[in-house]
Novice: 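After the structure tokens below, expect a handful of questions from me.
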Amino acid sequence: MTSGPSDLDTGDLARIALEVAREAAALVRGRKAGGVTVADTKTSVVDVVTEADRASEELIRRRLLEHRPDDAILGEEGSDRPGTTGIRWVVDPIDGTVNFLYGIPQYAVSIAAELTTPDGVEVVAGVVLNAATGTEYVAHVRPDGSATATRDGAAIGVRGPAPLAQRLVGTGFSYDAGLREIQARALVDLLPRIRDIRRLGACALDLCGVAEGSLDGYVEEGVNLWDHAAGGLVARAAGATTELTTGAGGRDLLLCAPTHGFEEFREAVRTAGFLAR
């Protein structure tokens, strides 16, 4: 029988995720110091996989199963293991691999715990750890349904209300050239109506930026579950709303903004042409 949030220790899941993420981040930093080796490409020649991605995911998989051997695991680099507990760990071993390759200090280990119940699927614990800087974002859902989000142990919250023209928005671009053209046209329309755009290169960290108030919104088409499972929970726990919908290019599009300004942000993104019509 699957446990529900009321009788599941989500704080313990967050503790496990943080412990494992710290170990994986140390591995990633060590591999960076020793030189980065590109192991393969995925959707295009610029969408790379490094040996460190694979080593990090293998470490995370092994350590999670040591803690909870009956759980399921889904990882970006191929881990797809069924389980029997109702908990599935969703893993991105290095979110921001191109940043990692180039030495830009904006890449993270992302680990989320997803709970399946008869009522649906919910992310109940998540950790995003910037492997380059050591900054740790942690969130979990309490038994009463509320959630808590921290950065390095201190509570965080979204930025207060601001006019659309004063909002700083994060985004990202697909590795598919055709989809990039669609995204670029939408961005050209949106840019004059907001404060500015930031393209930092790691979805999980962008979502944590909304959570801590260093970004006012985030929009990107072409995201995968492992990109946003943990970061999305951190953002929601800090006072943001997330929405997964269909983008103009036909792929999953993620929106995130403080709840108090979400609808205005969504309308601006829709008008600009990011969403499917």
Side-chain angles (χ1 to χ4, degrees), residues 18 21-57 59-60 75-77 91-112 126-138 151-152 156 168-177 179-180 183-184 187 190-191 194-224 226-232 234-235 254 256:
L18 180 58
R22 285 171 173 168
E23 192 173 344
L27 180 151
V28 170
R29 285 192 297 272
R31 293 298 178 95
K32 180 62 182 173
V36 179
T37 302
V38 175
D40 204 352
T41 59
K42 292 186 282 189
T43 60
S44 73
V45 294
V46 293
D47 186 7
V48 298
V49 180
T50 69
E51 293 291 354
D53 285 275
R54 292 176 174 176
S56 176
E57 182 160 307
L59 182 152
I60 294 168
E76 179 179 14
E77 305 309 331
V91 175
D92 194 336
I94 306 178
D95 181 43
T97 298
V98 173
N99 286 347
F100 172 67
L101 179 65
Y102 278 78
I104 299 168
Q106 188 80 358
Y107 50 91
V109 175
S110 175
I111 303 175
V127 168
V128 177
L129 200 163
N130 186 326
T133 66
T135 304
E136 300 173 346
Y137 300 92
V138 182
R151 170 180 165 158
D152 295 335
I156 54 175
L168 186 64
V169 176
T171 193
F173 301 107
S174 170
Y175 290 109
D176 177 87
L179 183 51
R180 284 187 179 196
Q183 292 169 321
L187 193 61
L190 180 65
L191 186 56
I194 59 174
R195 182 187 294 275
D196 209 345
I197 285 287
R198 292 292 180 268
R199 196 276 195 260
L200 303 175
C203 172
L205 289 172
D206 283 342
L207 292 168
C208 292
V210 177
E212 69 184 1
S214 59
L215 288 173
D216 297 297
Y218 173 75
V219 55
E220 182 173 357
E221 182 174 355
V223 295
N224 297 291
W226 45 76
D227 298 317
H228 61 81
V234 173
L254 182 65
C256 178

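We use all heavy atoms of the structure for the numbers below, so side chains are in, but hydrogens, waters and symmetry mates are not.
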Novice: Please report the interatomic distance CZ(R151) to CG(N130), rounded to the nearest 0.5 Å.
Specialist: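 Between R151 CZ and N130 CG, I get 9.0 Å after rounding to 0.5 Å.
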Novice: Identify the two heavy atoms, one from V234 and one from C208, that lie closest to each other, and give their separation to 0.1 Å.
Specialist: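 Shortest heavy-atom contact: CG1-SG, 4.0 Å.
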Novice: Any donor and acceptor pair, going by atom type alone, linking the side chain of S174 with main-chain N or O of G222 inside 3.5 Å?
Specialist: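 It does not hold such a pair.
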Novice: Are V169 and R198 close enough, and set up right, to give a side-chain contact (heavy atoms from CB on, under 4.5 Å), and what steps lead you there?
Specialist: CA-CA 6 Å; V169 176; R198 292 292 180 268; over 6 Å; no
Novice: So, for I60 and P93, which heavy atoms are closest and what is the spacing to 0.1 Å?
Specialist: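 Smallest interatomic distance, heavy atoms only, reads CD1-CA, 4.2 Å.
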Novice: Can you tell me how far OG of S110 sits from CG of L207, rounded to the nearest 0.5 angstrom?
Specialist: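 If I round to the nearest 0.5 Å, the distance is 9.0 Å.
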Novice: Any sub-3.5 Å donor-acceptor pair from N224's side-chain atoms to D227's backbone N or O?
Specialist: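 The answer is no, because no donor-acceptor pair under 3.5 Å joins these two groups.
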Novice: Are any side-chain N or O atoms of N99 and backbone N or O atoms of Q106, one a donor and one an acceptor, separated by less than 3.5 Å?
Specialist: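 A pair under 3.5 Å: yes.
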Novice: With side chains defined as the heavy atoms from C-beta onward, is the minimum distance between L254 and Y218 less than 4.5 Å?
Specialist: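 They are in contact (side-chain heavy atoms under 4.5 Å apart), so the answer is yes.
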Novice: Taking it one step at a time, do V28 and F100 satisfy side-chain contact (heavy atoms from CB on, under 4.5 Å)?
Specialist: CA-CA 9 Å; V28 170; F100 172 67; 3.6 Å; yes
Novice: Looking only at non-hydrogen atoms, find the nearest pair between A112 and A230 and report the distance.
Specialist: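 Of all heavy-atom pairs spanning A112 and A230, the closest is CB-N, 3.6 Å.
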Novice: Drop me the distance from D92's CG to E57's CD, to the nearest 0.5 angstrom.
Specialist: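 That separation rounds to 8.0 Å.
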Novice: With a 4.5 Å limit on heavy-atom distance, are the side chains of D196 and L191 in contact?
Specialist: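 A side-chain contact exists here, since the closest heavy-atom pair is under 4.5 Å.
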Novice: Locate the shortest heavy-atom distance separating C203 from E220; write the atom from each residue and the value.
Specialist: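 Closest heavy-atom pair between C203 and E220: CB-OE1, 4.3 Å.
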Novice: How long is the gap from CG on L190 to CD1 on I194, to the nearest 0.5 Å?
Specialist: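 Taking CG in L190 and CD1 in I194, the distance rounds to 4.0 Å.
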Novice: How close do V98 and Y175 get, heavy atom to heavy atom, and via which atoms?
Specialist: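 Shortest heavy-atom contact: CG2-OH, 3.4 Å.
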Novice: Looking at D152 and E136, would you say the former's side chain and the latter's main chain have a donor-acceptor pair under 3.5 Å?
Specialist: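 Yes: the side chain of D152 pairs with the backbone of E136.
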Novice: Answer whether the closest heavy-atom distance between the side chains of Y137 and L129 falls below 4.5 Å.
Specialist: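 Y137 vs L129: side chains apart.
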Novice: Is a side-chain N or O of D216 found less than 3.5 angstrom from the main chain of L168, in a donor-acceptor match?
Specialist: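 The answer is yes, because a donor-acceptor pair under 3.5 Å joins these two groups.
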Novice: List the atom of E76, the atom of I94, and the distance in Å for their closest heavy-atom pair.
Specialist: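 Taking every non-hydrogen atom into account, OE1-O, 4.3 Å.
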Novice: Report yes or no: does R29 contribute a side-chain atom to a donor-acceptor pair with the main-chain N or O of A131 at less than 3.5 Å?
Specialist: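 Between the backbone of A131 and the side chain of R29 there is a qualifying donor-acceptor contact (under 3.5 Å).
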Novice: Report the distance from atom CG of L101 to atom OG1 of T50, rounding to the nearest 0.5 Å.
Specialist: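 Answer rounded to 0.5 Å: 8.0 Å.
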Novice: Rounded to the nearest 0.5 Å, what's the gap from OH on Y107 to CG on L200? Could you check?
Specialist: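 Interatomic distance, Y107 OH to L200 CG, rounded to 0.5 Å: 15.0 Å.
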Novice: Checking the side chain of D95 only, and the main-chain atoms of A204 only, is there a donor and an acceptor separated by less than 3.5 Å?
Specialist: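 Such a contact is found between D95 side chain and A204 backbone.
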